[in-house]
Amino acid sequence: MLRHLIGVMTLSEERFALPIAWDGHPIVWGDWESVSDLTWCGGVTAHGWRGCRHCHARALPRSILGHVDVGIGPGINLSLFRCMTCGYSTVLEMSEFTDGREWVLDSSDYGLEGSWNVELEQGELVL
């Protein structure tokens, strides 16, 4: 069961404020947190925060941690970063099977099926 869904955006579209599943497995989300300019993700570089990649807002994003139990091993840890100006969201995926992949979320990731691998045409892998 999800600890936080952070609300339903619109019931008619069945879209959620956060993905409810990752490749078919439920996500348990923690609490939203402020991001400092020392966090290494999104638009952050060795020289500090460079702004949102999408709208270039200088305001720091918010983050939330998630965990996915895939039935084997320790599961998958997710770090979602969201621009509070435009909503642009990225997810850093960490597991024993990956060294960390970053994904850009799109509207298809917020439905009842959740987020799926780019090979299934949902989301976009950031290289």
Side-chain angles (χ1 to χ4, degrees):
M1 176 136 195
L2 299 177
R3 191 168 71 151
H4 288 282
L5 272 183
I6 317 299
V8 175
M9 293 170 74
T10 63
L11 291 174
S12 62
E13 295 178 6
E14 300 184 69
R15 299 273 179 227
F16 300 94
L18 292 168
I20 63 171
W22 196 255
D23 292 338
H25 301 281
I27 303 170
V28 176
W29 291 106
D31 296 316
W32 284 102
E33 297 179 9
S34 298
V35 174
S36 74
D37 59 2
L38 299 177
T39 304
W40 294 88
C41 195
V44 178
T45 70
H47 304 290
W49 176 245
R50 296 292 187 211
C52 173
R53 292 182 197 154
H54 185 258
C55 73
H56 308 290
R58 301 283 295 163
L60 290 170
R62 304 272 294 170
S63 70
I64 190 167
L65 301 177
H67 182 76
V68 180
D69 182 0
V70 294
I72 57 170
I76 300 170
N77 291 314
L78 304 173
S79 296
L80 186 145
F81 295 85
R82 178 169 294 158
C83 174
M84 300 311 291
T85 302
C86 72
Y88 179 79
S89 299
T90 60
V91 171
L92 180 62
E93 172 188 19
M94 301 289 290
S95 74
E96 66 179 313
F97 306 109
T98 67
D99 290 332
R101 294 188 291 186
E102 186 179 10
W103 301 87
V104 174
L105 298 182
D106 62 31
S107 62
S108 65
D109 297 308
Y110 296 97
L112 290 174
E113 295 183 11
S115 184
W116 288 85
N117 192 320
V118 71
E119 284 85 30
L120 299 176
E121 298 181 11
Q122 279 192 308
E124 171 187 336
L125 179 62
V126 178
L127 300 176

* Asked: If every non-hydrogen atom of Cys52 is compared with every non-hydrogen atom of Tyr88, which pair is closest and at what distance?
  -> SG-CB, 3.9 Å
* Asked: Which pairs, with at least one residue in residues 63-75 and sequence neighbours excluded, count as a side chain to side chain donor-acceptor pair (under 3.5 Å)?
  -> His67-Asn77
* Asked: Closest heavy-atom contact between Arg58 and Gly51?
  -> NH1-N, 4.1 Å
* Asked: Taking side chain as C-beta onward, heavy atoms only, is Trp32 less than 4.5 Å from Leu80?
  -> yes
* Asked: Atom OG in Ser95, atom CG in Leu78: separation rounded to 0.5 Å?
  -> 9.5 Å
* To do: Of all the heavy-atom pairs spanning Gly30 and Ile64, show the shortest one and how long it is.
  => O-CD1, 3.3 Å
* To do: Quickly, which of His56, Arg53, His54 forms a side-chain contact (heavy atoms from CB on, under 4.5 Å) with Cys86? Name it, please.
  => His54
* Side chain to side chain, Tyr110 and Pro19, heavy atoms closer than 4.5 Å -> yes
* State, yes or no, whether a side-chain contact exists between Val70 and Val68 at a heavy-atom distance under 4.5 Å. => yes
* Structure fact -> Rounded to the nearest 0.5 angstrom, the CZ-CD distance for Arg101 and Glu93 is 4.5 Å
* Would you please test Leu60 and Ser34 for side-chain contact (heavy atoms from CB on, under 4.5 Å) and show each step? => CA-CA 8 Å; Leu60 290 170; Ser34 298; over 6 Å; no
* Asked: For the residue pair Gly100 and Met94, what are the closest heavy atoms and their distance?
  -> CA-SD, 3.2 Å
* 4.5 Å side-chain heavy-atom contact, Pro61 and Met84 -> no
* Side-chain contact test, heavy atoms from C-beta onward, threshold under 4.5 Å: evaluate it for Ile27 versus Leu18 and give yes or no. => no
* From Ser79 atom OG to Glu102 atom CD, the distance as rounded to the nearest 0.5 Å -> 10.0 Å
* Asked: Side chains of Trp103 and Asp109: does their closest heavy-atom pair fall under 4.5 Å?
  -> no
